[in-house]
Structures are given as structure tokens and as C-alpha cells.
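This report concerns only the one structure given below.
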Amino acid sequence: MQIQTTKAIETEQIGEALGRNLRGGEVIELVGDLGSGKTTFTRGLARGIGSLDNVSSPTFTISKVYKSKPLEIHHFDLYRLQEAGLIEHELAEIADDDNSVIVVEWAEIAAHVLPKKRLIINFSHTGEDQRTLNFSFSKNLEYLVKNLPGT
Ligand code: ADP
Ligand code: MG
């Protein structure tokens with residue numbers, strides 16, 4: 001499945017719609033170059049679960065949490081991480097929590113501890129303000145992409 005956006009707000013709105021479909025326990029991997037819209041999308045996800053927390057790339061802090069009730073989003077950016085080490089335990093613990101959702105940018109270093117059943121979204125910069133989002137997921141996660149704008 002593929003969606004194109006032509007403004008940052010549209011990418012955020014797709015995130016918001018997907019955020020409303022979250023049930024807890026999901027893992028979402030965001031793949032794409034710097035500036036391709038991964039954090040913009042995550043801002044929408046946070047709004048979609050009803051969180052008003054400030055969303056920004058956790059490049060220096062590795063992770064941030066956006067809280068709402070009952071769900072919370074744990075947003076990871078593993079770009080600067082040299083080895084998966086402690087993060088593996090943290091990811092595994094959060095993955096066991098039914099009210100938590102994991103969103104990971106630059107997941108490569110920890111990909112081996114992420115569940116196979118995850119939603120992977122590939123972001124590509126296809127024009128100045130155009131981004132193309134490609135969704136891949138197993139059948140049991142189809143509910144996540146219901147009613148997204150542009151589909
Ligand atoms: P990443 O997390 O992938 O590095 P960001 O979401 O932080 O990317 O940055 C994306 C940048 O591109 C923002 O400055 C945003 O305003 C801009 N932008 C322009 N068009 C779009 C679009 N269609 N979708 C998402 N971001 C866009
Ligand atoms: Mg980012």
C-alpha cells in the first residue's frame with residue numbers, strides 16, 4: 001500500500017488517522033532518509049492517541065514517551081546508537097506492555113529484537129514537498145491502515 005503527500009500536514013494527518021487505529025502492543029518501524037517525514041508522521045500518531053505532548057526527534061535522548069489514556073507511544077531514534085545493548089531490554093519490556101506502542105526510527109541496529117509482526121513504513125522524498133509512504137505489514141495488522149486519508 002502506498003500514499004503520497006504534498007505537505008507536511010498531510011503526512012501528520014495520515015499519522016493521526018493511524019494513531020486512532022492503535023490498540024496497544026504494536027511496533028512500527030519508520031524507514032527513510034533524514035527529512036523524509038518520519039518524525040512529522042510520529043507527531044500525527046501522538047495526536048491520534050490523544051496526546052498533546054511535544055513530539056521531536058529523540059536523536060540525543062534515544063527515546064521519548066508521548067502519553068495519553070490508556071495508550072502511550074515510545075518513540076525511539078537509534079541513529080546515534082553504537083550497539084543495541086541496553087535498548088534491547090528496554091524494547092523487550094515495552095513490547096510486553098499492552099498499553100504501549102513502539103515507534104522506531106533508524107531501527108537497523110536493533111532490528112533483530114523487533115517482532116516480525118510489525119508495521120514497516122518506508123518514507124521517500126519524491127519532490128520538494130512530496131513524500132511517498134509505503135506500508136508493509138502482516139495480515140493481522142491490517143486494522144492499522146483502515147480509513148487513512150489518501151487511500
Ligand atoms: P525525519 O524524521 O524523517 O528526519 P522530519 O519529519 O523531521 O523527517 O522532517 C521532515 C521535513 O520535511 C519537515 O521540515 C517538514 O516540514 C518537511 N516536509 C515538506 N513536505 C513534507 C511532506 N509532504 N511530508 C512530511 N514532511 C514534509
Ligand atoms: Mg526524525
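Each ligand, and each atom within it, is numbered from 1 in the order the structure gives.
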Heavy atoms only: which of T5, D129, T126 lies closest to atom 20 (N) of ligand 1?
D129
Can you tell which part of D33 has a heavy atom less than 4.0 Å from ligand 1: side chain, backbone, both or neither?
backbone
Ligand 1 and L34, any nitrogen or oxygen pair closer than 3.5 angstrom?
no
Do E16 and R20 meet the salt-bridge criterion of a basic N to acidic O distance under 4.0 Å?
yes
Does any part of the side chain of K117, heavy atoms only, come nearer than 4.5 Å to the side chain of N140, both counted from C-beta?
yes
Provide the closest heavy-atom pair for E26 versus N21 in the form atom of the first, atom of the second, distance.
OE2-O, 4.5 Å
Around atom 3 (O) of ligand 1, find the nearest protein heavy atom and jot down its residue, atom name and distance.
K38 NZ, 2.7 Å
Would you please say whether a donor-acceptor pair under 3.5 Å links the side chains of D129 and T6?
no
How about OH on Y79, more than 12 heavy atoms from neighbouring residues, nucleotides or ligands closer than 6.0 Å, or not?
no
Tell me whether the rings of F123 and F41 are parallel (<30°), tilted (30 to 60°) or perpendicular (>60°).
perpendicular
To which protein heavy atom is atom 21 (C) of ligand 1 closest, and what is the distance rounded to 0.1 Å?
A8 N, 3.5 Å
With nothing but distance in play, are any N or O atoms of E128 less than 3.5 Å from an N or O of ligand 1?
no
Output yes when the distance from some N or O of ligand 1 to some N or O of K7 is under 3.5 Å, and no in every other case.
yes
Does an N or O anywhere in S57 fall below 3.5 Å from an N or O of ligand 1?
no
Check whether Y143 forms a cation-pi arrangement with R23 (NZ or CZ under 6.0 Å from the six-membered ring centre, at most 45° off the ring normal).
yes
Strictly by modelled atom types, are S57 and T39 linked by a side-chain donor-acceptor pair under 3.5 Å?
yes
Atom CG of D98: over 12 foreign heavy atoms under 6.0 Å:
no
So is R131 touching ligand 1 or not, going by heavy atoms under 4.0 Å?
yes
Is there a heavy atom in E105 that sits closer than 4.0 Å to ligand 1?
yes
Does atom CD of E93 have more than 12 heavy-atom neighbours from other groups under 6.0 Å away?
no
State, yes or no, whether a side-chain contact exists between E72 and Y66 at a heavy-atom distance under 4.5 Å.
no
What is the nearest protein non-hydrogen atom to atom 25 (C) of ligand 1, stated with its residue, atom name and distance?
T11 OG1, 3.3 Å
Treat each ILVMFWY residue as a node, draw an edge where side-chain heavy atoms are under 4.5 Å apart, and state whether V31 and I109 are in one component.
no
Pull out every atom of ligand 1 sitting under 4.0 Å from any heavy atom of T39, numbered as shown with elements.
1 (P), 2 (O), 6 (O), 7 (O)
Heavy-atom proximity to atom 13 (C) of ligand 1 ranks first, among T42, T40, V55, T132, for T40
Check if G35 has a non-hydrogen atom at a distance under 4.0 Å from any atom of ligand 1.
yes
How far apart are the C-alpha atoms of K116 and S138, what are their side-chain angles, what is the distance that settles it, and do they pass the side-chain hydrogen bond (donor to acceptor under 3.5 Å, both in side chains) test?
CA-CA 9 Å; K116 275 216 180 68; S138 49; over 6 Å; no
Starting from the Mg ion (ligand 2), count all protein N, O or S atoms within a radius below 2.8 Å.
3
In terms of residue, atom name and distance, what is the protein heavy atom nearest to atom 8 (O) of ligand 1?
G37 N, 3.2 Å
